[in-house]
Enquirer: 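Please read through the structure below; I'll follow up with questions.
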Amino acid sequence: MSRQQPKEPSTSRLAEVRAARLQKLQRLRELGVDPYPATFEARQPIGEAREKAPGTEVRVAGRLVLWRRHGGSTFATLRDQSGQVQLQFRRDALGPDRYELLKLLDVGDFIGIEGSLFTTRTGELTVEVRQFAVLTKALRPLPEKWHGLTDPETRVRKRHLTFISDPGEMEMLVKRAQFVHNIRAFLEGEGFVEVATPALERIPGGAEAEPFVTHHAALDTDFYLRISLELAHKRLIVGGFERIYEIGRVFRNEGLGREYLQEFDLLEFYWAYADLPALKRLVERFYATVIQETFGTLRLTYGEDALDFTPPWPETDYLELFRQKAGIDLHQYPTAESLLPVARKLDIPEAVSGLGRGRLIDLIYKRVIRPTLIQPQFLVNHPVDISPLAKRDPKDPIRVQRLQVLIAGSEVGNGFAELNDPLDQRARFEEQQRLREAGDREAQMLDEEFLEALEYGMPPTAGFGVSIERWLMYLTNSPAIRDVVAFPLTRPAASSSPTEEADKDSREA
RNA sequence: GGGCCCGUAGCUCAGCGGCAGAGCAGCGGACUUUUAAUCCGAUGGUCGUGGGUUCGAAUCCCACCGGGCCCCCCA
């Protein structure tokens with residue numbers, strides 16, 4: 001990509017370091033050493049090499065992370081993903097010419113080495129290097145070897161440096177991979193088929209959230225990025241699928257916060273002919289199995305709280321909860337107008353007229369009630385106002401057949417007996433549409449295609465959804481949800497910072 | 001979007017109205033079992049950006065940019 005020698009920024013320490021490394025690079029080439037060879041054959045992971053007995057020949061490769069030069073003997077620390085090991089280079093073993101080459105290496109370079117294992121008198125397992133090869137010359141210095149990289153902004157903007165200076169950070173992503181693998185394994189084992197549905201939609205549905213807008217050039221048409229997987233999945237159920245799931249990236253145009261991402265992986269599954277009690281049993285088993293297999297235990301802690309995922313989990317009644325924790329009997333407040341003064345009395349400034357009854361209930365719930373629900377539990381019997389896609393409870397039509405999984409005061413799973421009455425669904429969309437027109441940007445849009453599909457008939461179906469990241473955040477005791485993703489969203493960096501200028505110079509050269 | 005705090009060398013940090021500092025890394029040198037190796041020497045700055053106050057600003061004030069925490073909001 002870069003065509004010639006990059007131009008140097010005139011006045012920075014970074015530029016000097018880089019110039020010195022470029023000179024070493026040039027020198028290597030003059031000596032006939034390829035600083036970027038294609039391969040290093042027959043390498044073994046350092047972690048494996050460390051298991052061998054002293055005297056064994058090993059062949060390992062990795063990044064140089066520390067140098068200790070002592071005249072005719074040089075110690076270094078070499079690291080790969082499996083671990084690190086000390087190297088010793090000796091002038092009398094390598095010969096003066098090869099030993100001189102070490103001067104052209106820096107911390108940060110990748111090298112491959114061959115040598116024999118021994119233990120130093122201080123007990124450190126070490127490879128005495130017989131041969132070495134440059135695998136990649138690095139041009140920029142690594143973060144400080146002792147303090148590492150602590151600036152939170154740099155850590156999030158330059159994730160590669162975070163992983164280099166703090167290899168433990170990689171474990172989160174490895175854990176996530178295992179977690180997702182275990183989720184798939186469980187659902188496949190239950191006969192669920194993985195499907196893939198479009199992220200570009202004309203009408204984003206299935207959740208209450210503000211969507212991102214994008215544009216298709218050839219069609220000259222705006223599309224939305226999906227905010228959930230739900231409506232496409234239900235159309236598949238209409239089509240005859242009985243057990244489907246997807247782990248799909250969804251996008252929500254909302255603020256940044258410790259519990260929120262702008263894009264995240266949503267797991268949803270739909271299960272035809274299953275009712276809410278069956279769903280509940282499955283979800284309990286699902287969580288317990290996946291957690292046990294990923295973490296080896298069902299007892300985890302989040303912050304101050306000890307969480308126990310051992311089934312069965314308690315079941316909490318939504319309306320009863322309002323009576324107990326807030327002293328509100330929701331049956332007494334059938335309209336938004338009657339509920340509004342109650343919300344205002346609870347000191348909820350966002351409660352304003354124009355909001356629907358459902359939003360008011362949701363606000364009271366999220367502000368006053370949910371923070372008190374710590375242990376894993378099912379929240380059931382939600383009012384119909386806050387669940388426009390769930391089936392009504394035949395015994396009490398103002399409630400729906402829904403279950404939410406709550407962990408540490410947060411929603412970590414949401415299941416429904418899905419609404420399959422096309423006329424009821426149309427009426428609820430129309431109510432949402434009315435709220436939308438009244439200014440609620442998170443109210444759902446009416447999706448005519450979906451309604452038409454429902455008119456062909458969807459069998460009774462249970463559905464469930466959970467954010468992989470939110471779930472993992474609570475399981476791994478992470479203070480912020482961005483801690484469980486590789487590259488969380490950042491604002492564009494200011495172009496005027498010195499670091500940025502240096503970056504720009506090297507790109508433009 | 002609101003409140004509080006932060007931004008000084010590639011990295012980690014001092015300095016908080018009077019010459020821009022240290023450690024690590026880098027450069028030169030000594031050193032063949034070190035462990036953040038050690039020792040000697042030379043070097044390194046748009047003090048986030050812009051404006052203002054002042055004889056004088058990294059330091060005080062204002063705005064902006066970026067970040068962190070707490071509210072708020074969508075799993």
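The chains referred to below are lettered A, B, ... by the order of the sequence lines, with proteins before strands, and numbering in each begins at 1.
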Enquirer: Name the closest nucleotide to the A:Arg90 side chain, picking from B:C70, B:U32, B:A75.
Expert: B:U32
Enquirer: Give a yes/no answer on whether the side chain of A:Arg13 brings an N or O atom under 4.0 Å of OP1 or OP2 in B:U43.
Expert: no
Enquirer: Name the one of A:Phe464, A:Tyr287, A:Phe309, A:Tyr302 that satisfies ring pair (Phe, Tyr, Trp, His ring centres under 6.0 Å) with A:Trp471?
Expert: A:Tyr287
Enquirer: Among B:U12, B:U34, B:A75, which is the nearest nucleotide to the side chain of A:Asp151?
Expert: B:U12
Enquirer: Is any side-chain N or O of A:Ser73 closer than 4.0 Å to OP1 or OP2 of B:U33?
Expert: no
Enquirer: Nucleotides 36-40 of chain B: which of its N/O atoms have a protein N/O under 3.5 Å away?
Expert:
unit_1	atom_1	unit_2	atom_2	d
B:A36	O3'	A:Lys145	NZ	3.4
B:A37	OP1	A:Lys145	NZ	2.6
B:A37	OP2	A:Arg68	NH1	2.8
B:A37	N7	A:Arg69	O	3.4
B:A37	N6	A:Arg69	O	2.8
B:A37	N6	A:His70	ND1	3.4
B:A37	N1	A:His70	ND1	3.3

Enquirer: Would you please confirm or rule out a distance under 4.0 Å between OP1 or OP2 of B:G28 and any side-chain N or O of A:Lys103?
Expert: no
Enquirer: Calculate the interatomic distance between A:Asp92 atom CG and B:U33 atom C1'; express it in whole Å.
Expert: 12 Å
Enquirer: Heavy atoms within less than 4.0 Å of RNA chain B: which residues of residues 467-474 of chain A have one? Give them sorted by number.
Expert: A:Ser467, A:Arg470
Enquirer: Counting only side-chain N and O atoms of A:Thr150, is one of them less than 4.0 Å from OP1 or OP2 of B:C13?
Expert: yes
Enquirer: Please name all residues satisfying ring pair (Phe, Tyr, Trp, His ring centres under 6.0 Å) with A:Tyr270, sequence neighbours left out, ordered by chain then number.
Expert: A:His233
Enquirer: Measuring from the side chain of A:Pro152 (C-beta onward, heavy atoms only), which nucleotide among B:G68, B:U33, B:G44 has the closest atom?
Expert: B:G68
Enquirer: If only side-chain N and O atoms of A:Arg140 are considered, is one of them under 4.0 Å from the OP1 or OP2 phosphate oxygen of B:G26?
Expert: no
